[in-house]
There are 2 protein chains.
Amino acid sequence: MSVAVINYDQPMRWEPDSRGRLEQAAISLYGERGFENTTVAEIASRAGLTERTFFRHFADKREVLFAGGLLLQELIVSEVSGAPDSLPPVDAVAVGLEAAGAAIQERGDYPRQRQRMIAASAELQERELIKLAALAARLAEALRERGVDDPAASLTAEVGIAVFRIAVERWNEEDEPGDLPQLIRDSLDQLRAVTAGR
Amino acid sequence: MSVAVINYDQPMRWEPDSRGRLEQAAISLYGERGFENTTVAEIASRAGLTERTFFRHFADKREVLFAGGLLLQELIVSEVSGAPDSLPPVDAVAVGLEAAGAAIQERGDYPRQRQRMIAASAELQERELIKLAALAARLAEALRERGVDDPAASLTAEVGIAVFRIAVERWNEEDEPGDLPQLIRDSLDQLRAVTAGR
DNA sequence: CTGCCTGATGTCAGTTGCTGTCATCAACTA
DNA sequence: TAGTTGATGACAGCAACTGACATCAGGCAG
């Protein structure tokens, strides 16, 4: 087994953390001129790399903004799996989503900037939606592992995501960022009120 | 006011219904080789037209499969708007979605083929999702016009779409196509059971 | 110490989706 | 009969992506 050694004195072949530099470059350019008005060549150039290298790190131009989503997904799923068995499915999902909300809030300004970028581009919205759909699928799986049967599991997951979406949307529209987990709880209550058969 | 006259004898400059021919060509090619493996040039060629003309009729390669969606959207919205005022929001939405389900069912095999194509391509799924999101937005608007306040309106619309998605998905997975409106009703009942906070 | 190997990057050529611009010309209109 | 219009073609060009091969610092085996 070998140990990674970082050499601080001798010149390396390349500057380190090219992926991180690409991410930074992309986000700042998207912020400056908008997503559609920046080319991958420009991103690569600002990062001191080539276009080809960009595509080695990110599947496509949009993916830069969604690379971090996996961690959030894992957080949510682990929270759902770890929730007490006594908790009904919707509430288990709520636990996961609130944890995600809290995590998002801790990241400062970036999530809201990012959300505004997405709102400004149909292409990015499409990507966001399919990521959320994937999350819903993972959520449904987690519910099935809790013993929830399948029509109910998918439905609960999908509806949970809908609640989450609306809460995040409202959170983004606020002038001053409010309490996201609280917004999620509120939305879920609203949902209950709305579906409660008359 | 002028009357459209169709000349059956004299040669026209172009074969009629180029848009329809493009649509047919695209759908059959997508079915034969899959969406990703067919180029717009091939579609245009099969339709006896040029690539440029394809893009005059359809905003992009995917849009061919979603062109008809507008009518369905209008159907749903008009059903919701026309539902008795006494009906609670969720049920008004249900009326619209069931009508859509019935309309889809009447179209024979095509909707299920189309759905299978979409399921086979991430790109198409993205488009599908954003179309459904647009539908949810229109639905929410229709609810607001019924006097439903906004957090509830968006939530109801979004959740209605989630129910619809799941029902259609299950319908597509069946060997023999079952009763879609019924599936929608069932899914909604499931939802009620699931959200009924104990 | 030497020489091979590996992995991250560069280079380059090519495909495809999509757009702008201008030309064409049958059918309609005045 | 002359002018206009609208659907199409022709063509050039950009940007997103992909495949194939070259490069070479750093690590590793001997």
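Numbered from 1 within each chain, the chains take letters A, B, ... in sequence-line order.
Side-chain contact check for B:S78 and B:S81: no donor-acceptor pair (N or O, by modelled atom type) lies under 3.5 Å.
Between B:K61 and B:E36 there is no salt bridge, since no side-chain nitrogen of the basic residue lies less than 4.0 Å from a carboxylate oxygen of the acidic one. Using a cut-off of 4.0 Å between Lys/Arg side-chain N and Asp/Glu carboxylate O, A:R144 and A:E141 are scored as not salt-bridged.
In this structure, CG of B:D60 is placed 17 Å from P of C:dT16, rounded to the nearest angstrom. Rounded to a whole Å, the CD atom of B:E42 is 8 Å from the P atom of C:dG17. The interatomic distance linking A:R56 (CZ) with C:dA8 (P) rounds to 10 Å, in whole Å. For the pair B:R52 CZ and D:dA7 P, the computed distance is 14 Å after rounding to whole Å. Between the C1' atom of C:dT16 and the NZ atom of A:K61 lies a distance of 16 Å, rounded to the nearest Å. Rounded to whole angstrom, the span from the CZ atom of A:R127 across to the P atom of D:dA16 amounts to 14 Å. Rounded to an integer number of Å, the gap from CD of B:E15 to C1' of D:dT8 is 13 Å. Atom C1' of nucleotide C:dC12 and atom CZ of A:F55 are separated by 15 Å, given to the nearest angstrom.
Each of B:W14 and B:A59 has a nearest nucleotide on DNA chain C; the 5'-most of these lies closest to B:A59.
Checking the phosphate oxygens (OP1, OP2) of D:dG9, a side-chain nitrogen or oxygen of B:T53 falls inside 4.0 Å. Between B:H57 and D:dT8 there is a side-chain N or O to OP1 or OP2 distance below 4.0 Å. Here B:T50 does not reach the OP1 or OP2 of D:dA10: none of its side-chain N or O atoms lies under 4.0 Å away. Regarding contacts with the backbone of C:dT9, a side-chain N or O of A:S18 is found under 4.0 angstrom from either OP1 or OP2.
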Please lay out, stage by stage, how A:E98 and A:R185 fare under the test salt bridge (charged side-chain N to carboxylate O under 4.0 Å, His left out). CA-CA 8 Å; A:E98 285 167 30; A:R185 271 188 291 275; 2.7 Å; yes
